[in-house]
Structure formats: C-alpha cells, structure tokens
Amino acid sequence: WQFYRMQPWPVRWFVRLRRRIAPFEWVLPHLPAQGALLEIGCGHGLLTNWLGQNRPACRILGTDLNSKRIAIANQTLMGRKNIRFEAADGLKPSEEKYDCILFFDLLHHLEAARHLLSLRQAALKLNPGGKIIVKEMFKTRGLSHFLGWLHDKIVTRGEKTCYRRAEEWIALAAQAGLKLTHF
C-alpha cells in the first residue's frame, strides 16, 4: 500500500478493494523467475507493482489506454528500475518480445470481436516458450458473477462488458493457436 499512500482517497480505496478481491497469488507459480513480462490493461499499476516486488529479476511493463491511471501508476515507481508504465495499447505490433503476457480481468472490457484478435496479437509478442496468462470472470448465474459485474459497472461507470462462459474462453484460446496448460 505504500506505493499509493499519497494518492486521493478514491484511488486508495480502489486499490485496497482490488487487492482484496483479485487473486494475484495464483499467478506467481506460473511466472518466470526472470525475463520480460507485460501486463496489458494495468490500470493504476497494482498488479504490475505487486509483480515487481515478487519478481525483482524480471523487467515488467504495465500498459493501459487510460493516461490518467498510468499517471498514477508512474507516481508509484519510487525509483524502482524493474518496472515501468506506459499509456499505450500493449497489443500494438512492436519489436519487443516477452516471456509472459498477462490479461488480468481485462478481456471482458473489450468488445467480443476483439477477444480472439487480442489473444492472437499477444501470441505474436511472445518469445519462444513464452506464455500468456489470462484471468477472467466467467458468465454464470452465481453471486460471484453478479458481484463482479456490479464492481465493473461502478468502476467503469456503466461501460459495456462482454463476459463469456468458461468453455467459450477455452475455445477462443484454441482458435488463437494457444495451448492451454492450466485452467
């Protein structure tokens, strides 16, 4: 929390809530111990900061299209050199390659037509042997989906979301040419 202590209370409140409900710990065993990581849609940089603390030998880039959130994320750097933030589309073609690319609760904020394209674009940015980690909410009729949906509506001020059932995400990964190793 020390990275966000100087931020306005809505940001502090959001990152505290996000940290309580987002299962960051399950990602850690699937990350390389060193190399280049890319988080697409990093928002205020909470996961990128957490990864920077837990994978100090990695070079980590957090990208987001929202320049205001990236400005906040950049204020959290405090001289740390293993992470950086950019207000950019992390899926745009570039020469940079990564050992791991993360989509953490992002894809459902994109139009359905962009889901497959996003996975394919990410696959093109991987080093040989690299992996893509996707954490998504599933479209279900349960309380957890309702609470996640409500959270998204509040945070994004009603922005349209596109949730999918688990089997749909699995099928999209296969269509993108990705090999599913964990679910």
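Residue numbers count from 1 along this sequence.
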| request: Could I get the full list of side-chain contact (heavy atoms from CB on, under 4.5 Å) partners for Pro29, not counting sequence neighbours? | output: none

Taking the side chain as everything from C-beta on, heavy atoms only, tell me whether [X] gets closer than 4.5 Å to [Y].
| X | Y | answer |
| --- | --- | --- |
| Phe103 | Leu119 | yes |
| Leu124 | Pro93 | no |
| Pro8 | Ile72 | no |
| Phe24 | Leu51 | no |

| query | For residues Arg164 and His108, is any side-chain donor paired with an opposing acceptor at under 3.5 Å? | reply | no

Give me each pair satisfying side chain to side chain donor-acceptor pair (under 3.5 Å) with a member in [range], each pair once, sequence neighbours excluded.
| range | answer |
| --- | --- |
| residues 36-54 | Tyr4-Asn49, Glu39-Thr48, Asn49-Thr76, Asn49-Arg80 |
| residues 55-65 | none |
| residues 20-34 | Arg19-Glu25 |

| field | Set of residues satisfying side chain to side chain donor-acceptor pair (under 3.5 Å) with respect to Arg69, sequence neighbours excluded | value | none

| For Leu38 and Cys100, what are the C-alpha separation, side-chain angles and deciding distance, and is it a side-chain contact (heavy atoms from CB on, under 4.5 Å)? | CA-CA 6 Å; Leu38 170 64; Cys100 185; over 6 Å; no

Can you name the closest pair of heavy atoms from [X] and [Y] and give their distance?
| X | Y | result |
| --- | --- | --- |
| Leu110 | Ser118 | CD1-OG, 3.4 Å |
| Ala22 | Phe104 | CB-CE2, 3.8 Å |
| Ala57 | Ala33 | CB-O, 3.6 Å |
| Gly52 | Ile83 | CA-CG2, 3.8 Å |
| Gly43 | Ala73 | O-CB, 4.2 Å |

Distance in Å, [X] [atom1] paired with [Y] [atom2], rounded so as to fall on 0.5 Å steps:
| X | Y | atom1 | atom2 | value |
| --- | --- | --- | --- | --- |
| Glu136 | Leu107 | CD | CG | 5.0 Å |
| Leu77 | Gln75 | CG | CD | 9.5 Å |
| Leu31 | Cys58 | CG | SG | 7.0 Å |
| Leu102 | Ile40 | CG | CD1 | 8.5 Å |
| Leu47 | Leu37 | CG | CG | 9.5 Å |
| Ile132 | Leu126 | CD1 | CG | 4.5 Å |

Quick check against the 3.5 Å criterion: does [X] have a side-chain atom that pairs as donor or acceptor with the backbone of [Y]?
| X | Y | result |
| --- | --- | --- |
| Arg12 | Gln7 | yes |
| Arg5 | Gln2 | yes |
| Lys160 | His109 | no |
| Asp99 | Gly35 | no |

Do [X] and [Y] share a hydrophobic cluster, counting only Ile, Leu, Val, Met, Phe, Trp and Tyr and linking them when any side-chain heavy atoms are less than 4.5 Å apart?
| X | Y | value |
| --- | --- | --- |
| Ile60 | Leu28 | yes |
| Leu65 | Leu106 | no |
| Leu117 | Leu91 | no |
| Ile21 | Trp13 | yes |

| said: Working note: Trp9 + Val11, criterion side-chain contact (heavy atoms from CB on, under 4.5 Å); need CA distance, chi angles, decisive distance, verdict. | reply: CA-CA 5 Å; Trp9 73 264; Val11 173; over 6 Å; no

| message | Listing request: all salt bridge (Lys or Arg N to Asp or Glu O under 4.0 Å) pairs with a residue in residues 108-135, at least two apart in sequence or in separate chains. | response | Asp105-Lys135

